[in-house]
Amino acid sequence: MTELAASFKYWYPNPATLEQTSPMAIERYNHRTSEGYWQQRWTDEKAFETAADSARPKYYVLEMFPYPSGRIHMGHVRNYTMGDVLARYMRARGYNVLHPMGWDAFGMPAENAAIEKDVHPKAWTYENIAAMRRQLQSMGLSIDWSREIATCDPSYYRHEQEMFLDFLAAGLVERKVSQVNWDPVDQTVLANEQVIDGRGWRSGAPVEKRELAQWFLKITDYSDELLTALDRLDKWPEKVRLMQQNWIGRSEGVRFRFELEDAEGKSLDQPLYVYTTRHDTIFGATFCAISPDHELSKTLSLRFPELAAFKRETEALGTSEEAIERAEKKGIFLGLYARHPFRQNVRIPVYAANFVLMSYGEGAIFGCPAHDQRDLEFARKYNLPVIPVVAPVAANPRTFAIADVAFLDKDESDVVLINSDFLNGMSVAEAKEEIARRIEARGIGKRKINYRLRDWGVSRQRYWGCPIPIIHCQRCGTVPVPRENLPVLLPEDVTFDQPGNPLARHPTWKHVSCPSCGGAAERETDTFDTFVDSSWYFARFCAPQFERPTDKAAVNYWMPVDQYIGGVEHAILHLLYSRFFTRAMHRTGHIALDEPFASLFTQGMVIHTTFRTREGAWVLPSEAIEKDKSWVHAETGEELIIGPAEKMSKSKKNVVDPESIIDRYGADTARWFMLSDTPPERDIEWTESGVAGAWRFIQRVWRLVNEIARLPADTSGRSVDDAASEALRRAIHQSLHAVSLDIEGLRFNRAIARIYELANALTSALAPAEGGVPTAVLREGAIILVQMFAPMMPHFAEESWRILGQPGLVVHATWPVPEARLLAEETVTIAVQVNGRRRDEVTLRRGLPAEEVESIVLKLDNVRRAMDGKQVRKVIVVPDRIANVVVG
RNA sequence: GCGGACGUGGCGGAACGGUAGACGCAACGGACUUAAAAUCCGUUGGGCGAAAGCCCGUGAGGGUUCGACUCCCUCCGUCCGCACCA
C-alpha cells in the first residue's frame, strides 16, 4: 500500500463531485486513491477469511511461501498473482476458498545478517516479515491473513518438535555417522550447493570431509512408494515427475559376494559384496574395485600407508562436473584376489578405485571393461584384460574386440552373449535371468533393487533453526525431550562474535539433567534443516492456532492442496520432502492422506535485459535510459552494453523493484502485465513498454466503462435481440465461456487476449453515434467484462463495478454463467479447399448435411477456377469445419 | 554420457490433425493539436500484381494424410534437470 493510500481510510472522492467537474470529461483512473481504499474495504469486510464449511465445496490454493528476505521481488509478484487469480475466480464460482500466507522464516541469511550487521536474527526476521507483509498487502492479494504463520515462531516449531518425536517413536528417525562437508573456518556443515570448487562459499576455506553423527529422516523407507505414487499425480507436470523419478533412481540388479584370497591363495574370512545391474557380463569381469571409503580399505590402510593418501586425494577431487570429467580413473592394487563365481581357478585382482562411490550399492563393483566405459579406462591404465561378452548378432565372436569405447548394447534385440560359457547365445535379458537364478541357487547373493535416493540428513550446526528435541546423556544415550517440556525454545541471548554454532557455546542452555536418569546431560545443539519447516506448513494452514500439530477435522476438510504453485527449482527437494513428510504424518496419525498436492503448477522466472558499462560494471535498469535506439547511463551518459535477458538477480543488477512499480503504475497494472502475453510456465521478460501497455489498457477500459455507465437508458428504441445486439451478446457470452475455461486451465495469457478482444468489441459497438446497440446490451457487456478481469485486477474491477452502479462489491459477486443459447452460433464460416489449399470460405447454417455442403462448394467460382477443369475425385466434408475438394 | 522440453512475423506469443500468425508490444502512415504528450483511425510474414488474385512460408530433410505448426523418422540448434549410480 502506498503511504498516500494508507492514509485514506474510507476517504474517497465523491462520485457526485466527480461528475460535477464536467459531464463529459472522464478523469484518469487513479490507482493511488483507489487501491488502498479497496484493500481496506476487503479487510474490513473480512472478505477473505475462511472457515471450514462442509456444506460448500472447498478449494485450497497455495503458492510456495516466501523466505522473508526483506523485500518482495518480481518472482513473488508473478507467483502470488497467479494464485490470487485462481483464488478469486474459485471464490466467485461459489467455492469455499482457502488462500493463506506465511513465512519460511528460519535459515542462514538471518545469521549472516546477525554477523554482518550486528542485529539479532529474530529481530531481523520479524522486521523483514513486517516489511514484506506490507508489500504483499499492497498487491491486493485475497489472502486470509488471520491464518498467517512463521516457521520461526515457537507456536509453529513446537509442533514440528512434537512430530519429530512421533517419527522417532515410529522408527522413521535414525542417528548415524555420515560424511559431511565441513567448513573449518565457519565451523559448520555446508550443503553440497554451498561448496564451490571445493571451498566454502562464505569463508573460501577448503572444505573438509568429516564424519559426523547426524539425525536422519528415513525417506528411503518410502523410496518405492514415492516412486510408484508419481504415476497417480496426473495433475503434476510431467517434467517434475520425471525429475523425481530420476532422483529416486530405481535400478534392478543383483547383490552377491566374491570369495577373497591373498597372493598365496590363502582364503580371507571376509567375502566382498558387490552390486551390479549387468550380471549378464560376469564372464567379462577382469577386476574388482572398492571405494576408498569401503570398510576393507579402512582395514587395509593400516598395511598400505599409500591407501590413506589415495583416499585423501580422491576426496580432494570434488564432485563438480568438470572435476569428474577431468579426473583420471585411478586405483591401488590391494594385494587381494576375488575368485570368479562361475569360472574354476580364475581369480581377478582387487583394487581400491577413485571412481567407486561408497554411497551407492555396496561401495564395491566388479569391473567389466568391455561393457563399461569407466572400467575400460581403468583396465587400459592398469593393463587388465578386456573380454567382450556381448556382441552384435552379426559380429564374429572370435574377432569382436573393444578399442577405446566400451560396447554398450543400446538395442538389446540385436546383441548376443559370447565368451560366456553357459550363457553363450543368450540375449542380455536371458543371461541376466540365468545368472540371477544361479547366484540365488548357490546362496551367494540375491536379486536386489537399489535406489539412488539417500536418507535425509536434517542436522544443521546452526542457530537460527528449530531445535532438535533430544538430550544426550552419557549413561542413557539419546533421550527424547519429554513432551511436557516442549517446546525446546531457542535461547535469545546468543552471540555471533565467533564462528560456529552459538547454541553449542551458550553458557547454560545446553546443560540439562537427563529426563531418564536425572544425571547431567546435554541438549542436542543442532537444529533442523529448514526444509523440515516447509514440509508440513500446508497442513498447519488448515488450523494454524490448533494446540496440536494438526486439527484433523480441518485437515480432512481442506487437504489436499487443490492447486500448488511455485518455482520449478523446488521440483525435487521441497516437493519430495513434503511428499515424504506427509506419509510420515499419515503413519503417525497426524493426517489422513499421502499426497499433499493434488495439482502442481511450476511457473517460469521473471527475466530482464542486463546492462553493463564498458568496464563491465552492472547497471540497474532504472539507471539506464533509451536514447536514439541505444541505451545510456542516466548519470554519466555513457553508452551501455546490452546483454541477454536473464533471471533477475542482485548480482547482475537486472532487477526491477515491485514496490516502485506498484507505486507508479499500481498493483493492478503489475498483476495484469505478469499475466499477459507469456504463458505462465515460461520465463517472462519484464519490459517497460509492456507495463506501460498494461497501464494504457486500464485507462482505455476505464473510459469505456465510464462512457457506458453514463449512457442514457435506451434511446435507440432498438430491441436487444436485433442482429447487432445478438452478435454482440454472442461475443460477450463466448468470451465469458472461454475466459472461464482459460482461468481454470491456468492459461492466463489466453484469458487476457480474450478480454482484450471483448474490450475492443465493446469499444467498437459504443463508437457509432447512430445505429449502435442498446444500452442494456452494452451494460451487460461491461458488467461481464469487469467480472472477468476482477480476479486479475481486483481494485480496478471494484472501481469499475461502482461506476457501473452495481450493488455491493465485485469480490462478493457470483461468476456469471454464459447463456447456452448464445454459445452456439447459428451459422458457421468454413474454409473451402481444393486439394488441401484454401480457395474460398463460405458461411453456412450450422449442422448443414454434408451432401448440401458439397453441392454448395462445388458451385463456388473460386472452387471451379481452382479445379481447372479436372475431375472431382471426392469431396471431404467435416461438418461445420471444412470442405476439401479433391481433384486430379 | 543419461533424461526431458522447445524451435512460428522485428518481439512476446495464438492455432480440437481442418482458413497459420488471434491478442499484445514495437514500427510506420493519418486525424486531433500552435506543438508535444495523450487519444482515435489505419497498415504491418515474404514475393508478384493496378486489382481480383496467385506463389512461398511454422529450424532442415523425409514420411503418414483429402489436409500437418500439430502425428512418425533422421538431422541441426537452444534451454533445463541429473550424472563416475556399477
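The sequence lines fix the lettering, A, B, ..., with proteins before strands; numbering per chain opens at 1. FYI, side chains are in, hydrogens and waters are out, and symmetry mates aren't considered; it's all heavy atoms of this structure.
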Original post:
Does the side chain of A:T220 pick up a donor-acceptor pair with the side chain of A:D455 at under 3.5 Å?
Top reply: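 Short answer, yes.
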
Subject >> Quiz item: A:K239 side-chain donor-acceptor pair to B:rC80 base, under 3.5 Å >> reply: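 It does not, because no donor-acceptor pair links the side chain of A:K239 to the base of B:rC80 below 3.5 Å.
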
**OP:** Keeping to residues at least two apart or across chains, list the side chain to side chain donor-acceptor pair (under 3.5 Å) pairs with something in residues 355-372 of chain A.
**Re:**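 Passing the test, one end in residues 355-372 of chain A: A:S251-A:Y360, A:R255-A:E362, A:D372-A:R374.
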
Sequence neighbours excluded, which residues qualify as salt bridge (charged side-chain N to carboxylate O under 4.0 Å, His left out) partners of [X]?
| X | value |
| --- | --- |
| A:R579 | A:E595 |
| A:R873 | none |
| A:E569 | none |
| A:R250 | A:E252 |

Table of protein N/O atoms under 3.5 Å from nucleotides 16-18 of chain B N/O atoms:
| residue | atom | partner | partner atom | Å |
| --- | --- | --- | --- | --- |
| B:rC16 | N4 | A:R881 | NE | 2.4 |
| B:rG18 | N2 | A:Q833 | OE1 | 3.4 |

May I ask you to evaluate whether [X] reaches the phosphate of [N], defined as a side-chain N or O under 4.0 Å from OP1 or OP2?
| X | N | answer |
| --- | --- | --- |
| A:N354 | B:rC84 | no |
| A:R696 | B:rC25 | yes |
| A:R454 | B:rC85 | no |

**OP:** Take atom P in B:rA38 and the same atom in B:rG29, then report the distance between them in whole Å.
**Re:** 15 Å

**OP:** Just say parallel, tilted or perpendicular for the rings of A:F673 and A:W686, cut-offs at 30° and 60°.
**Re:** perpendicular

Subject >> Parallel, tilted or perpendicular: ring planes of A:W672 versus A:F697, cut at 30 and 60 degrees >> reply: parallel

Original post:
Listed in order of residue number, which residues of residues 357-373 of chain A have a non-hydrogen atom at under 4.0 Å from RNA chain B?
Top reply: A:L357, A:Y360, A:I365

Original post:
For residues 670-680 of chain A, which residues have at least one heavy atom under 4.0 Å from RNA chain B?
Top reply: A:D677, A:T678, A:P679

Original post:
Which is it for A:Y382 and A:F287 under the ring pair (Phe, Tyr, Trp, His ring centres under 6.0 Å) test, yes or no, and what are the steps along the way?
Top reply: CA-CA 10 Å; A:Y382 295 102; A:F287 68 94; 8.7 Å; no

Identify each donor-acceptor pair in which a side-chain atom of residues 875-888 of chain A lies under 3.5 Å from a protein atom, sequence neighbours left out, and give them as a table.
| residue | atom | partner | partner atom | Å |
| --- | --- | --- | --- | --- |
| A:D880 | OD1 | A:G847 | N | 2.8 |
| A:D880 | OD2 | A:G847 | N | 3.3 |
| A:N884 | OD1 | A:N835 | N | 3.4 |
| A:N884 | OD1 | A:G836 | N | 3.0 |

Subject >> Secondary-structure stems for RNA chain B, with pairs counted as Watson-Crick or G-U when both distances are under 3.5 Å and runs at least 3 long >> reply: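 RNA chain B forms these stems: B:1-7 with B:76-82, B:10-12 with B:23-25, B:27-31 with B:39-43, B:45-48 with B:53-56, B:59-63 with B:71-75.
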
Check the interface with nucleotides 45-54 of chain B: list each N/O to N/O pair with the protein under 3.5 Å, or write none.
| residue | atom | partner | partner atom | Å |
| --- | --- | --- | --- | --- |
| B:rC54 | OP1 | A:R839 | NH1 | 3.2 |

Go through [options] for me and flag the one nearest to the [X] side chain.
| X | options | answer |
| --- | --- | --- |
| A:T829 | B:rC66, B:rU19, B:rA86 | B:rU19 |
| A:V356 | B:rA22, B:rA86, B:rG24 | B:rA86 |
| A:N749 | B:rA22, B:rC82, B:rA14 | B:rA14 |

Subject >> Residues which pass side chain to side chain donor-acceptor pair (under 3.5 Å) with A:E238, listed by chain and number, not counting sequence neighbours >> reply: A:R241

Original post:
Can A:E841 and A:R838 be counted as an ion pair, charged N to O under 4.0 angstrom?
Top reply: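 Judged by the 4.0 Å cut-off on N to carboxylate O distance, A:E841 and A:R838 do form a salt bridge.
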
